[in-house]
Amino acid sequence: MTVDDVFISATRMAAAIRAKEVSSEELVQAHLERIAEVNPRLNAVVQWDAEAALRQARRADELLSQGTLLGPLHGVPFTVKDALDTAGLVASAGTCGRRAYVPEEDATVVARLRSSGAILLGKTNVPELSLVYECDNLVYGRTYNPHDLSRTPGGSCGGEAAIIAAGGSPLGLGSDACGSIRVPAHYCGIAGYKPTNGLVPATGHFPPAAGTLAPILSVGLLARHVEDFATALPVIAGGDGRDPSVVPVVIGRPEAVELCRLRLAFFTDDGISPPTAETVQAVRRCAEALAAAGLSVREAVPEGIELAFDIMNSYLSADGGVSLEGLLDMVGTDTPHPLTKRLLESMRASAMTTVEFGGLMVSWHLFRSMMLSFMEQVDVLLCPVAASPALPHGASLDAERMRGFGYAMAFNLTGWPSVVVCAGRSEEGLPIGVQVVARPWRDDVALAVAGYLQQVCGVSVRPAF
């Protein structure tokens, strides 16, 4: 395979393996070579076992020669965010107290991809405990954006997004509690998918998807091609008998969605953080393309969308950082990363009384109700992912820039499915994504619309190296 071959979709790779146009071993070797080429500049892949990956690939080829197909991703390589457990590979979650922790078993989603025949290449970098919007920690250091090394690839799935954008992996597992899949996808010019909350189990995620994290976290996927989400979702979705938040819902197939029957609303400004002109242009261009495809399209801002950032920010800081301090103590991290320290300082200043927290939960409930009311007359919502393209390193906790993440946070608060596709570029040539959101459990609709947009409006932004 050539370098260009590694940029095709995981779905097409799987088809090529089944047709014996390429072997899994050749495919895995090509990706390992690409990682070796780009990772010294990116620092995106932080743990790997090349020999184990090649051994598994040879086994996949042997099984196929015997007529055994393990699943839709048989022989296809993938990578995993370092917040998810992987048997036999260090799972540090970016914090010093876990720098040598090797899980005995895979997270559920990792195990399911492996059972479908996919080949684990390695683990990708995260911020400490997946807490901020850029990848930098004291275990592995900083990850760089493949389109501009002076910029962050985002967080917390920044390592995953960076290596996929650079062609080192076709498919990745991540998680999203405040935009952690979607913001890196936007920053790096790839696709990202946050499923409906409760569709995919988070067993084996660290920090555990429990307590205050449970209502806002979704385990999801990153790839260069939207079609790969439809391929992988049936593999990873559904209850595992361990995650009590998973709901047994059957999701439709994106190819069965009739686009011309859909009603779409779009907005470009949430009222608290105006987006860049190029971001507005990308959203409007996508809305026009969908109108041309027969969708009913109108511009409308959901009532209450301007509350999303304040609700999420208050929710995460309500205990004054006590939970975060306890988590660091539990894993034995004595020295947090400077970004973690900054976050803790802001949390301590935002502690709430029990009465205040109760009022916040009422506000969250009312927000969800207003958003559902808006979607009574809408099937799909189109909007920015964030107010700006990739930020410089170290800028993610700046107060004004933080407000620009409210576009992504809104749909963790609602729990709705959201898919990001690259649809524009900034003046500097940085990728700009748009966010396609659907009603809860209508992941098929979000995937169908995002897939169409990638075909007609998608912008392919490859790194220069």
Side-chain angles (χ1 to χ4, degrees), residues 7-19 21 69-76 78 109 112-113 116-118 164 170-173 181-182 185 190-196 199-200 218-238 247-264 266 286-297 375 378-382 416-423 433-460:
F7 284 92
I8 68 173
S9 71
T11 303
R12 288 178 60 196
M13 290 179 188
I17 290 171
R18 289 193 297 272
E21 297 169 3
L69 185 70
L70 294 177
L73 290 165
H74 186 106
V76 175
F78 73 104
V109 287
R112 286 177 174 177
L113 280 187
S116 78
I164 290 173
L171 181 69
L173 285 168
I181 287 173
R182 291 162 292 151
I190 65 168
Y193 167 42
K194 181 195 84 68
T196 301
L199 182 58
V200 178
S218 291
V219 170
L221 298 157
L222 301 94
R224 288 183 299 274
H225 302 270
V226 173
E227 69 173 341
D228 294 337
F229 301 148
T231 300
L233 179 61
V235 176
I236 65 172
V247 179
V249 174
V250 177
I251 299 296
R253 297 292 296 172
E255 62 268 22
V257 174
E258 296 183 66
L259 293 181
C260 63
R261 294 181 177 272
L262 299 177
R263 300 161 298 173
L264 179 135
F266 75 94
C286 289
E288 291 167 2
L290 291 170
L295 281 77
S296 169
V297 175
M375 294 297 281
V378 175
D379 301 300
V380 191
L381 184 59
L382 185 70
W416 300 348
S418 174
V419 185
V420 169
V421 292
C422 184
V434 298
Q435 186 171 201
V436 179
V437 182
R439 296 172 177 175
W441 312 114
R442 292 313 308 265
D443 296 58
D444 56 333
V445 171
L447 290 168
V449 173
Y452 179 78
L453 284 178
Q454 188 171 55
Q455 291 177 22
V456 300
C457 292
V459 173
S460 177

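- Between atom CG of residue Leu233 and atom CZ of residue Arg253 there is a gap of 8.0 Å, rounded to the nearest 0.5 Å.
- Considering only residues two or more places apart in sequence or on other chains, Glu288 meets the salt bridge (charged side-chain N to carboxylate O under 4.0 Å, His left out) condition with none of them.
- Side-chain contact between Leu290 and Leu262: absent, with no pair of heavy atoms (C-beta onward) separated by less than 4.5 Å.
- In this structure, the side-chain contact (heavy atoms from CB on, under 4.5 Å) partners of Val249, at least two apart in sequence or on a different chain, are Val247, Ile251, Trp441.
- Of the possible donor and acceptor atoms, none in the side chain of Arg112 sits under 3.5 Å from a partner among the backbone N and O of Pro234.
- Here CG of Leu69 is found 9.5 Å from OG of Ser116. Values are rounded to the nearest 0.5 Å.
- Residues satisfying the side-chain contact (heavy atoms from CB on, under 4.5 Å) criterion with Cys286, sequence neighbours excluded, are Leu382, Ala423, Val434, Leu453, Cys457.
- Evaluation of the side chain to side chain donor-acceptor pair (under 3.5 Å) rule for Arg18 yields no partner, not counting sequence neighbours.
- What you find for Ala289 and Val456 is that their closest heavy atoms are CB-CG2, 4.0 Å.
- Take Glu258 and apply the side-chain contact (heavy atoms from CB on, under 4.5 Å) test, not counting sequence neighbours, and it matches Arg261.
- The two residues Gly252 and Asp444 come nearest to each other via the heavy atoms O-CB, 3.1 Å.
- Residues passing the side chain to side chain donor-acceptor pair (under 3.5 Å) test with Arg439, sequence neighbours excluded: none.
- Across all their heavy atoms, Val76 and Pro170 have their closest contact at CG1-CG, 4.2 Å.
- Val235 has its side chain within reach of Pro72: a pair of non-hydrogen atoms, C-beta onward, lies under 4.5 Å apart.
- When the side-chain contact (heavy atoms from CB on, under 4.5 Å) test is applied to Ala438, the partners found at least two apart in sequence or on another chain are Pro417, Arg442, Val445, Ala446.
- Here the options are Ile236, Val109, Thr231, the test is side chain to side chain contact (heavy atoms under 4.5 Å, CB included), and the partner is Leu221; only Ile236 passes.
- A search for side chain to side chain donor-acceptor pair (under 3.5 Å) contacts involving Arg12 returns nothing, not counting sequence neighbours.
- Tested against Tyr193, the residues Asp443, Val420, Ile181 include a single side chain to side chain contact (heavy atoms under 4.5 Å, CB included) partner, Asp443.
- Between Val378 and Leu381, the shortest heavy-atom contact is CG1-N, 4.4 Å.
- Scanning for side chain to side chain donor-acceptor pair (under 3.5 Å) contacts around Gln455 gives an empty result, with sequence neighbours left out.
- Of the inter-residue distances, the one linking Leu295 atom CG with Tyr452 atom OH reads 8.5 Å to the nearest 0.5 angstrom.
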Cut-off 3.5 Å, no hydrogens considered: what does the side-chain donor-acceptor table look like for residues 222-230, sequence neighbours left out?
{"unit_1": "Arg224", "atom_1": "NE", "unit_2": "Phe7", "atom_2": "O", "d": "3.4"}
{"unit_1": "Arg224", "atom_1": "NH1", "unit_2": "Ile164", "atom_2": "O", "d": "2.6"}
{"unit_1": "Arg224", "atom_1": "NH1", "unit_2": "Ser169", "atom_2": "O", "d": "3.0"}
{"unit_1": "Arg224", "atom_1": "NH2", "unit_2": "Val6", "atom_2": "O", "d": "2.4"}
{"unit_1": "Arg224", "atom_1": "NH2", "unit_2": "Ile8", "atom_2": "O", "d": "3.4"}
{"unit_1": "His225", "atom_1": "NE2", "unit_2": "Phe7", "atom_2": "O", "d": "2.9"}
{"unit_1": "Glu227", "atom_1": "OE2", "unit_2": "Ser9", "atom_2": "OG", "d": "2.6"}
{"unit_1": "Asp228", "atom_1": "OD1", "unit_2": "Ala10", "atom_2": "N", "d": "3.2"}
{"unit_1": "Asp228", "atom_1": "OD1", "unit_2": "Thr11", "atom_2": "N", "d": "2.8"}
{"unit_1": "Asp228", "atom_1": "OD1", "unit_2": "Thr11", "atom_2": "OG1", "d": "2.6"}
{"unit_1": "Asp228", "atom_1": "OD2", "unit_2": "Ala10", "atom_2": "N", "d": "2.9"}

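- Residues Ser418 and Val437 share a closest heavy-atom pair of OG-CG2, 3.9 Å.
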